[in-house]
Peer 1: 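Provided herewith is a single structure, encoded as structure tokens, for subsequent inquiry.
The basis for the numbers below is simple: all heavy atoms, side chains too, and nothing from hydrogens, waters or symmetry mates. Here is the naming used below: chain letters follow the sequence lines, and residue numbers restart at 1 for every chain.
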Amino acid sequence: MAERDYNFQEIEKKWQARWINEGIFKTRQDTSKKKFYLLEMFPYPSGRLHMGHVRNYTIGDLMARFMTMNGHNVLHPMGWDSFGLPAENAAIQNNIPPMKWTRDNISHMKSQFAKLGFSYDWDKEVATYKPEYYKWNQWVFCRMFEKGLAYKKKAPVNWCPECATVLANEQVEDGKCWRCDSEVIQKELNQWFFKITVYAEKLLKGHDILKAGWPERVLVMQKNWIGRSTGLQVNFKLESGEDFPIFTTRPDTVFGVTYMVIAPEHPFLETIAQGEVRDFIERFKNQPILERLSEDKEKEGIDTGLKVINPFNGEKIPLFVGNFVLMEYGTGAIMSVPAHDSRDFAFAKKYNIPIKVVIDNPDSPLDINTMTDAYVDDGICIHSGPITGMNNREGIEKISDYAEDKGIGKRDVNYRLKDWLISRQRYWGCPIPAVYCEKCGTVPVPDDQLPVVLPVDVDFQGSSQSPLKQMDSFVNTTCPKCGGHAVRETDTMDTFVDSSWYFAKYTSPGSKDMFDRDAVNYWMPVDQYIGGIEHAVMHLLYARFFTMVLQDLGLLQCSEPFTRLLTQGMVIKDGSKMSKSKGNVVDPDEIIKSYGADTVRLFMLFASPPDKDLDWSDKGVEGCFRFVGRVWRFVEKFRELYTPEGSPEGVNLSTELKKIRSELHRTIKAVTYDIRERMQYNTAIARMMELTNALYQVPENEFSTSEGKLVLSEIFNSLIPMLSVFVPHVAEEMWESIGRPTLLYRHNWPGFREDLTVKEEIEIVFQVNGKNRSKMNASSSITKEEMEKAALDDGKIKELISGKQVVKVIAVPGKLVNVVIKG
RNA sequence: GCCCAAGUGGUGGAAUUGGUAGACACAAGGGACUUAAAAUCCCUUGGGCUUUAAUGUCCGUGCCGGUUCAAGUCCGGCCUUGGGCACCA
């Protein structure tokens, strides 16, 4: 038999076709196996797959194949997050209908997926732009409306006066419109919200479930995003007698309040503010929030002339309007204690407001005249009525008790988390199913009239506004309640709504209902979710919220959608993220053409651990290609010696064969551990490279002996199945070439014998005061005592410690001995 | 600015629980094979110092300091880079 060259193009085509023909990726209902739902974040169909996608889906495919080989019943679906801004931009710029643009992109990207050999069950495909999908966005919206979880309120948007249109943050560059370059302003619109704040506590509580399977850092980010803080609501009063409540986390400083600040958009100001104050408010109401909060912008404020009364001491203090106070947080107003808050301190200095120390530094008393910044540490309360003399930590509790007692305040919890604004003044999205009737007000569209279908015959050329607004046939309708004339909501939903429940739809995409009960209960929750770290907060938080809502609606049994999460790093080239503008994009298609999908996949897994950024290198790809070839040639050379049932179990082996067999079992152990426990695929590949290098070191004639053939067979029976999760096509080809008739995809993952993984001889290092000075080879069964004795008997060590006092000897079993000396 | 990460040879990275820093790979250099080239196979490779050379010696994981017999790993303080910051998805 002649040795064949590694022809990856032929091999990959052949096996991709066979996998499809035999339908091996089709999910089967099999209750005899444990289910495993593996999900990768679905892509936005931007047109072409980029390396970030390839990386994400390669990691997913490895896990899907690994879990399948380990006897699990795996659900591994793929779909399209297909509503969004880019489709609309394409329509405006190139006059392509968003629907056509989206469909074309999906079909092209699907062909790219096919070339990579991913194990998706395409029967489970989901696309969010389809009415049969987004109908259920609308249906859930109606349920949430009924429960008061969907509501309308005023909220600012970025507005370009020139284009007369709402801009996404992305479309605002340096405060200017990206198309016409005119100044962007803020404008208040009446918009829809989901009341995610109701679930703040539950979202935090869920961390108890998630901490076993989610990266710590993601949970920390979510926790900080929700931003729970406990404190006191204090009932300040205006001079006029009106209530003026504020929330503070530092009630221990309430006697040091010297002014109050209110948000510019506070409704209270609308009636009273005039003149200069009015101008100030108008100026900052139009300032984009990001800019207003940015620390490099100076904090600005203006005295309203009004006075507020501190209920604790009756002091009258001035009320300012400040651009740094947010209407969304707390009550839209704050108390300011310049002596103990840096921002307040700077503000007080700027506007010449008095500063009053109420917490003293126990080590060195504070002096207002010499203070250059606020004192924010703990200390002793002074000039603070009932808590004077107390430690301020204790003071927080005592003053809260006091306030509740006197009825001038009550303990409260505040969250940084804001309700989810879902209204988008755009076309290519899921229509919000509401109508407005002059008589009946806001009316949700009844279930039997869902879905409210997004019209597709639209004109983008006329105006920059959402085309929906100009479509009389869409806008004009009848009121479901009274039958009179009504107009439809023309806003569409944030695309994050679409991606908040797609994982449940995958379980039964053909269902006429939202999803099939049995299927969703069998598969949910997702056992392993994989996607970019950039989604650590928003997408993952919204999906968790939505799952909780669905659970409360009785539609899902789980409260958390994703049991385990892997956040993969980005693909970098030349120090920055691959992007068109940087001109450092590597096209997956080209690399597949030159090296094959197997090599691309291998490199994606080898170049760095999955959760770290990956540095693209053309040379590195070549190295992976070389490794595949190296295994290929080894198998080609020896495949005739292979016997399918060959096993060296119980056979007397030469030293050389014993050594390589031990190496094999160590490799299987390490690769299995790296994949299953550590999710660190780069080291798993390195292990297999080491084994391959070792195979090349074995004298050829060793394998032609009868025992050698058995060892070789065991090697092939383990190495090729292991490789199949990394380089599935070439692994199948090698498997076939040694005469195995069945597909590797359904083969078992190889096992190993623990006793064979133990090295007979190990190296023990001898240190003196922590520095390596000598070493020896020893049997792996050497005891601690023997190690210590050997170290002290070692010539080199003896020399170094002679005349010195040995303080102690520390032995780490199997590793080293450290002799600590003095003098 | 706020929240979260990361920083190790010429390069990507390894070091699983505080225990031999640099596995594996790339690049570079050398050798074998070849008429030649490619491919392949084999060897060397963190830096400095010093005696023909060694089982020698010192330095070395962003910077400064600390804990420890022992620190890439733990603690405190910085610096730089990246992700997110609510309408990109």
Peer 1: Would A/Arg633 pass as a cation-pi partner of A/Tyr6, given that its NZ or CZ must be under 6.0 Å from the six-membered ring centre and within 45 degrees of the axis?
Peer 2: no
Peer 1: Applying a 3.5 Å limit to both distances, which nucleotide forms a Watson-Crick or G-U wobble pair with B/C78?
Peer 2: B/G62
Peer 1: For B/A32, what is the paired nucleotide under Watson-Crick or G-U wobble rules, both distances under 3.5 Å?
Peer 2: B/U40
Peer 1: Can you name the ring pair (Phe, Tyr, Trp, His ring centres under 6.0 Å) partners of A/Phe503, sequence neighbours left out?
Peer 2: A/Phe562
Peer 1: When you compare B/G62 with B/C58, how far apart are their C1' atoms, in angstrom units rounded to a whole number?
Peer 2: 22 Å
Peer 1: Considering residues at least two apart in sequence or located in another chain, which fulfil the ring pair (Phe, Tyr, Trp, His ring centres under 6.0 Å) criterion with A/Phe627?
Peer 2: none
Peer 1: Using only modelled atom types and a 3.5 angstrom limit, is any donor from either the side chain of A/Arg426 or the base of B/C87 paired with an acceptor on the other?
Peer 2: yes
Peer 1: Salt bridge between A/Glu636 and A/Arg4, side-chain N to carboxylate O under 4.0 Å?
Peer 2: yes
Peer 1: When you measure from every atom of RNA chain B, which of residues 623-630 of chain A have a heavy atom less than 4.0 Å away?
Peer 2: A/Gly623, A/Arg626, A/Arg630
Peer 1: Say we look at B/U80 and B/C64: how far apart would their C1' atoms be, to the nearest angstrom?
Peer 2: 15 Å
Peer 1: Less than 3.5 Å apart, any donor N or O on the side chain of A/Thr165 or A/Arg179 sitting next to an acceptor on the other?
Peer 2: no
Peer 1: Side chain of A/Asn818 only, please: which of B/A70, B/A27, B/A23 is the nearest?
Peer 2: B/A70
